[in-house]
There are 2 protein chains.
Amino acid sequence: MDTTGEVGAFFKSAFSVDNVIFGFDGGDLKVLLIQRGQAPFKDKWALPGDLVYPNEDLNTAAERVLEQLTGLRGVYLEQVKTFGAVNRHPLGRVITVAYITLIKISNFTVTAASFAQSAKWHSIDQVGDLAFDHNEILESCLRRLKRKVRTAPIGFELLPPKFTLTELQQLYDSVLRLPKRLDKRNFRKKILSMNLLVECPEMQEGVAHRPAKLYQFDREKYGQFVNEGFVFDI
Amino acid sequence: MDTTGEVGAFFKSAFSVDNVIFGFDGGDLKVLLIQRGQAPFKDKWALPGDLVYPNEDLNTAAERVLEQLTGLRGVYLEQVKTFGAVNRHPLGRVITVAYITLIKISNFTVTAASFAQSAKWHSIDQVGDLAFDHNEILESCLRRLKRKVRTAPIGFELLPPKFTLTELQQLYDSVLRLPKRLDKRNFRKKILSMNLLVECPEMQEGVAHRPAKLYQFDREKYGQFVNEGFVFDI
DNA sequence: GGGATTGGTGTGTAAATGACAATAAGTTCT
DNA sequence: AGAACTTATTGTCATTTACACACCAATCCC
């Protein structure tokens, strides 16, 4: 590639991906943040991200960042928005493509990644000042999650494969943060009427009260219903 | 900026913006395409777009592309998605940020832009093979428009300031392309019940039938309602 | 003045939504 | 075994919303 010709001046920029990794532990919605191991913003908390390799697709880069940090593959990933303010990166012109990732929080252990000193789950409302424009990025991704969780069955990505209806509702409550919590009865009716959940034979265990039924999300059925015009909506 | 150090290898890429400019002329939804004046893909139809200047924000670049082509400023602009497949651009690694623009089609005349031989409105379903991955980009933007037009009052951006309810409905019908057209009475009831339109004193003119009332969209009221929790929804 | 054309309007019915509280089924403790 | 506790589970009614549907009105053109 010619980087000296008339368009050469343009080929002096880079792009990165930043990954807003959401998890849910039964209480709060959480984000996985890293503490930066190098300048700029060394020691500051930030979204996990990295420069995109010259021969790497954007999605692939986002998957790589995730895998380096958590060891996970094949999880829900969605591009959200690109941030490109001229001075957003102190070392040069770097625009960044923000992704959302949804993972089952119990499923993984953080692997120290090259770009991170340490990584830690933060409750979504205990995120302080982040490096770069990462607070803004997080806001955008949270807004997107709030919308998307109501119009696509992605909430399940945050729960273990088998879950109770109460857990599912808690998830929605903590993502949406509506002024009033969702009504338990109406929520159950709505979810069950979609016919997307299958009852498991076994029950919740290890709780000091009446155990709840466990359910699983039926991805196949959802696919069929979508083909028939079904629209997920909560 | 140091482009020779260990991160230097990354600073050899560029980014562009591509602008999906939608318009509506009473019949079809239209997109403004250009015929490329230079390689690669010389003479092919493409989305108007350009490389982003090193000291230019992404939005600014999208606005510039629009202004160079149409002379318009201050119109509706929305970032949609970023396309970054490794080989999407034959001259090097160039990722592109796609934007939607909505303009009032009667409002402008195409100005030959540096990057275009000619520009022409194309009906949305008479778009042939485009340069680069522009067909894919167009698809994404069209999907976004279809969603957004139902959840935000952006349809008005495509109509002249004063319009009839029938025109508004035709707009929705041609954007959404639902299997059945929207019901006239229900559409009117719904739109009017939102209280976002003000009746103009004058009437439609020059039509060979009963003239319709003209309406205007009241942007201020919409702002107030949103603050009170109102959600636009069609 | 008659015909053609599109504008404009109301009502009844079915479906979805939202508010609401009592009972049942387990667990733990004594 | 029973009492106390915790959460699971379920149904009704009132309200709102969605939808289907048909006729008269205003203007133009001849």
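Each chain gets a letter, A, B and so on, in the order the sequences are listed, and its residues count up from 1. Note: hydrogens, waters and symmetry copies are ignored here, and every other heavy atom, side chains too, is used.
Contact annotation: B:Lys213 reaches the phosphate of C:dT9 (side-chain N/O to OP1 or OP2, under 4.0 Å).
Taking atom OH on B:Tyr215 and atom P on C:dG7, their separation rounds to 12 Å, with Å as the unit. In this structure, CD1 of B:Ile191 is placed 14 Å from P of C:dT9, rounded to the nearest angstrom. Straight-line distance from the CZ atom of B:Arg188 to the P atom of D:dC19: 18 Å, rounded to whole Å.
Within a 6.0 Å radius of CD in B:Glu205, other residues, nucleotides and ligands contribute 12 heavy atoms or fewer. Heavy atoms of other residues, nucleotides or ligands lying less than 6.0 angstrom from CD of B:Glu220 number 12 at most.
Both A:Lys190 and B:Leu192 lie near DNA chain C, and the one whose nearest nucleotide falls closer to the 5' end is B:Leu192.
Pairs of residues two or more places apart, or lying in two chains, that qualify as salt bridge (Lys or Arg N to Asp or Glu O under 4.0 Å) and include a residue from residues 183-199 of chain A are A:Glu199-A:Lys213.
Within residues 201-208 of chain A, the residues having any heavy atom closer than 4.0 Å to DNA chain C are, in order of number, A:Val207, A:Ala208. DNA chain C is contacted by no residue of residues 161-180 of chain A, taking any non-hydrogen atom closer than 4.0 Å.
Checked options B:Leu47, B:Leu66, B:Leu69; the residue passing with B:Asn19 is B:Leu66 (criterion: side-chain contact (heavy atoms from CB on, under 4.5 Å)).
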Just list the side-chain donor-acceptor pairs under 3.5 Å for residues 135-148 of chain B, sequence neighbours left out, or say none.
| from | atom 1 | to | atom 2 | distance (Å) |
| --- | --- | --- | --- | --- |
| B:Asn135 | OD1 | B:Leu130 | N | 2.8 |
| B:Asn135 | ND2 | B:Gly128 | O | 3.0 |
| B:Ser140 | OG | B:Arg143 | NH2 | 3.4 |
| B:Arg144 | NH1 | B:Glu78 | OE2 | 2.7 |
| B:Arg144 | NH1 | B:Gln79 | O | 3.4 |
| B:Arg144 | NH2 | B:Val80 | O | 3.0 |
| B:Lys148 | NZ | B:Tyr76 | OH | 3.4 |
| B:Lys148 | NZ | B:Glu78 | OE1 | 3.4 |
| B:Lys148 | NZ | B:Glu78 | OE2 | 3.3 |

Show me the donor-acceptor pairs within less than 3.5 Å that the side chains of residues 22-34 of chain A make with the rest of the protein, sequence neighbours left out.
| from | atom 1 | to | atom 2 | distance (Å) |
| --- | --- | --- | --- | --- |
| A:Asp25 | OD1 | A:Gly27 | N | 2.8 |
| A:Asp25 | OD1 | A:Asp28 | N | 3.3 |
| A:Asp25 | OD2 | A:Lys30 | NZ | 2.9 |
| A:Asp28 | OD2 | A:Ser123 | OG | 3.1 |

Between the protein and nucleotides 20-25 of chain C, are there any N/O to N/O pairs under 3.5 Å, and if so, what are the atom names and distances?
| from | atom 1 | to | atom 2 | distance (Å) |
| --- | --- | --- | --- | --- |
| C:dC20 | N4 | A:Asp183 | OD2 | 3.4 |
| C:dC20 | N4 | A:Arg185 | NE | 3.3 |
| C:dA21 | N1 | A:Arg185 | NH1 | 3.4 |
| C:dA24 | N3 | A:Arg210 | NH1 | 3.2 |
| C:dA25 | O4' | A:Arg210 | NE | 3.4 |
| C:dA25 | O4' | A:Arg210 | NH1 | 3.0 |

